[in-house]
S.K.: 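Submitted below is the structure of interest, expressed as structure tokens.
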Amino acid sequence: MVTDAEWTRIRRGLRFGQVFEGTVVKVPRPGAIGIFVDIGLSVGGFVDVLLLPEQSDDWPTEGTVADFEIWWADSRRQIRLKPSDIRYLRNDFTEFVRRFRPNWSSQVGRPVS
């Protein structure tokens, strides 16, 4: 378990759009919630189902190594990621961002906290 102080320290070093090579460690309910990714930090990474392809057969499987970008980090001790590889990203990602996170491009490179 990561302490509050450790989480604060980790968050200070994170930037939106920062890329990590990660390994998919768990796909608990394909098509339902998302995937868990180890990015080499003491806190886990998670890709929400909303960012993954509609068909869970197109999701990266456990053991897949790929690049992931920091999409979000909040009070939960978990880093929200998005796949960098378009094979693992929802097909309409550009439209999704336009509708639900239109300021994404201006946030890339900015500190998470």
Side-chain angles (χ1 to χ4, degrees):
M1 179 93 171
V2 176
T3 66
D4 288 342
E6 178 71 0
W7 177 229
T8 299
R9 185 191 66 75
I10 290 169
R11 280 184 57 147
R12 276 197 299 259
L14 300 177
R15 299 193 173 279
F16 291 114
Q18 184 177 351
V19 177
F20 286 90
E21 182 179 77
T23 302
V24 177
V25 292
K26 190 172 185 182
V27 184
R29 291 176 40 207
I33 65 168
I35 60 174
F36 293 90
V37 180
D38 179 351
I39 57 171
L41 298 176
S42 56
V43 294
F46 180 76
V47 181
D48 192 278
V49 64
L50 293 175
L51 298 177
L52 293 164
E54 187 176 324
Q55 299 299 319
S56 62
D57 289 344
D58 295 331
W59 290 16
T61 57
E62 289 181 15
T64 299
V65 176
D67 286 342
F68 296 89
E69 300 173 35
I70 295 179
W71 175 254
W72 194 254
D74 55 27
S75 61
R76 293 172 284 193
R77 289 179 179 96
Q78 182 181 77
I79 298 169
R80 296 296 180 124
L81 304 168
K82 80 172 201 58
S84 295
D85 187 327
I86 61 170
R87 293 178 301 164
Y88 304 132
L89 195 59
R90 67 181 293 142
N91 296 338
D92 64 344
F93 180 74
T94 302
E95 179 58 28
F96 175 82
V97 169
R98 191 178 348 221
R99 289 180 58 213
F100 297 105
R101 196 148 175 213
N103 296 326
W104 168 244
S105 62
S106 66
Q107 293 173 329
V108 171
R110 292 191 177 179
V112 167
S113 55

S.K.: Please tell me if the side chains of Pro102 and Val97 come closer than 4.5 Å, counting only heavy atoms from C-beta onward.
M.R.: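 SC-SC contact between Pro102 and Val97 ruled out.
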S.K.: Determine the minimum heavy-atom distance between Pro28 and Gly34, stating which atoms define it.
M.R.: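 Answer, listing the atom of Pro28 first, then Gly34: CD-O, 3.6 Å.
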S.K.: For Val47 and Pro83, work out which heavy atoms get closest and say how close.
M.R.: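 Minimum heavy-atom contact is CG1-CD, 3.8 Å.
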S.K.: Same cluster or not: Trp72 versus Phe93, using hydrophobic residues (I, L, V, M, F, W, Y) connected whenever any side-chain heavy atoms lie under 4.5 Å apart?
M.R.: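 Same cluster: Trp72 reaches Phe93 through Ile, Leu, Val, Met, Phe, Trp or Tyr contacts under 4.5 Å.
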S.K.: Think Arg101 forms a cation-pi with Trp71, using NZ or CZ under 6.0 Å from the six-ring centre and within 45 degrees of its axis?
M.R.: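 Yes, Arg101 sits over the ring of Trp71.
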S.K.: When rounded to the nearest 0.5 angstrom, what distance separates OG1 in Thr94 from CZ in Arg99?
M.R.: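 Rounded to the nearest 0.5 Å, the OG1-CZ separation comes out at 13.0 Å.
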S.K.: Which pair of non-hydrogen atoms, one from Leu81 and one from Val37, has the smallest distance, and what is that distance?
M.R.: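 Here Leu81 and Val37 meet closest at CD1-CB, 3.9 Å.
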S.K.: Return yes when atom CD1 of Ile86 has more than 12 non-hydrogen atoms of other residues, nucleotides or ligands closer than 6.0 Å, and no otherwise.
M.R.: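 Atom CD1 in Ile86 is not crowded, with 12 or fewer foreign heavy atoms closer than 6.0 Å.
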S.K.: Please check: side-chain N/O of Gln78 versus main-chain N/O of Val43, any donor-acceptor pairing under 3.5 Å?
M.R.: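 No; zero donor-acceptor contacts below 3.5 Å.
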S.K.: Phe36 vs Phe46 aromatic rings, parallel, tilted or perpendicular, using cut-offs 30° and 60°?
M.R.: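 Judged by the thresholds at 30° and 60°, the geometry between Phe36 and Phe46 is tilted.
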S.K.: Under 4.0 Å between a Lys/Arg side-chain N and an Asp/Glu carboxylate O for Asp48 and Arg80?
M.R.: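 Result for this pair is yes, salt bridge flagged.
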S.K.: Taking C-beta and beyond as the side chain, do Glu6 and Ser42 meet within less than 4.5 Å on heavy atoms?
M.R.: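 Touching, per the 4.5 Å side-chain cut-off.
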S.K.: If you define the side chain from C-beta out and look only at heavy atoms, does anything of Lys82 sit under 4.5 Å from Leu89?
M.R.: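 Yes. Closest side-chain heavy atoms under 4.5 Å.
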S.K.: For atom CD of Glu54, is the number of surrounding heavy atoms from other residues, nucleotides or ligands below 6.0 Å larger than 12?
M.R.: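 Counting neighbours around CD of Glu54, 12 or fewer heavy atoms of other residues, nucleotides or ligands fall under 6.0 Å, so no.
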S.K.: Hey, does Phe20 have a side-chain heavy atom less than 4.5 Å from the side chain of Asp67?
M.R.: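 Counting from C-beta outward, Asp67 and Phe20 never come under 4.5 Å.
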S.K.: Could you go through Asn91 and Phe96, starting from their C-alpha distance and side-chain angles, then the distance that decides it, and tell me whether this counts as side chain to side chain contact (heavy atoms under 4.5 Å, CB included)?
M.R.: CA-CA 9 Å; Asn91 296 338; Phe96 175 82; over 6 Å; no
S.K.: Side chains of Ile33 and Val49: closer than 4.5 Å at any heavy-atom pair?
M.R.: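 Result no, sub-4.5 Å side-chain heavy-atom pair not found.
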S.K.: State yes or no: do Ile70 and Leu52 share one hydrophobic cluster built from I, L, V, M, F, W and Y residues joined by side-chain heavy-atom distances below 4.5 Å, directly or via other members?
M.R.: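 Linked, Ile70 and Leu52 end up in one cluster.
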S.K.: Do Thr64 and Tyr88 have side chains that approach each other closer than 4.5 Å (heavy atoms only, starting at C-beta)?
M.R.: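 Yes - at least one pair of side-chain heavy atoms lies under 4.5 Å apart.
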S.K.: How many angstroms lie between CG in Asp85 and CD in Glu69, if you round to the nearest 0.5 Å?
M.R.: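 Here the interatomic distance stands at 11.0 Å.
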S.K.: Would Val108 end up clustered with Ile39 when hydrophobic side chains under 4.5 Å apart are linked, directly or stepwise?
M.R.: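 Linked, Val108 and Ile39 end up in one cluster.
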S.K.: So, do Ile79 and Leu14 sit near enough that their side-chain heavy atoms are less than 4.5 Å apart?
M.R.: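 With C-beta onward as the side chain, the pair touches.
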S.K.: Enter the distance from Glu62:CD to Ile35:CD1 here, rounded to the nearest 0.5 Å.
M.R.: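 Between Glu62 CD and Ile35 CD1, I get 10.0 Å after rounding to 0.5 Å.
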S.K.: What about Val65 and Leu41, same hydrophobic cluster or not, with Ile/Leu/Val/Met/Phe/Trp/Tyr joined at side-chain heavy-atom distances under 4.5 Å?
M.R.: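 Unlinked, Val65 and Leu41 end up in two clusters.
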S.K.: Minimum heavy-atom separation for Pro30 to Ser56, with atom names?
M.R.: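 The answer is C-CB, 3.7 Å.
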S.K.: Any side-chain heavy atom of Arg90 within less than 4.5 Å of one from Pro53?
M.R.: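 With C-beta onward as the side chain, the pair stays apart.
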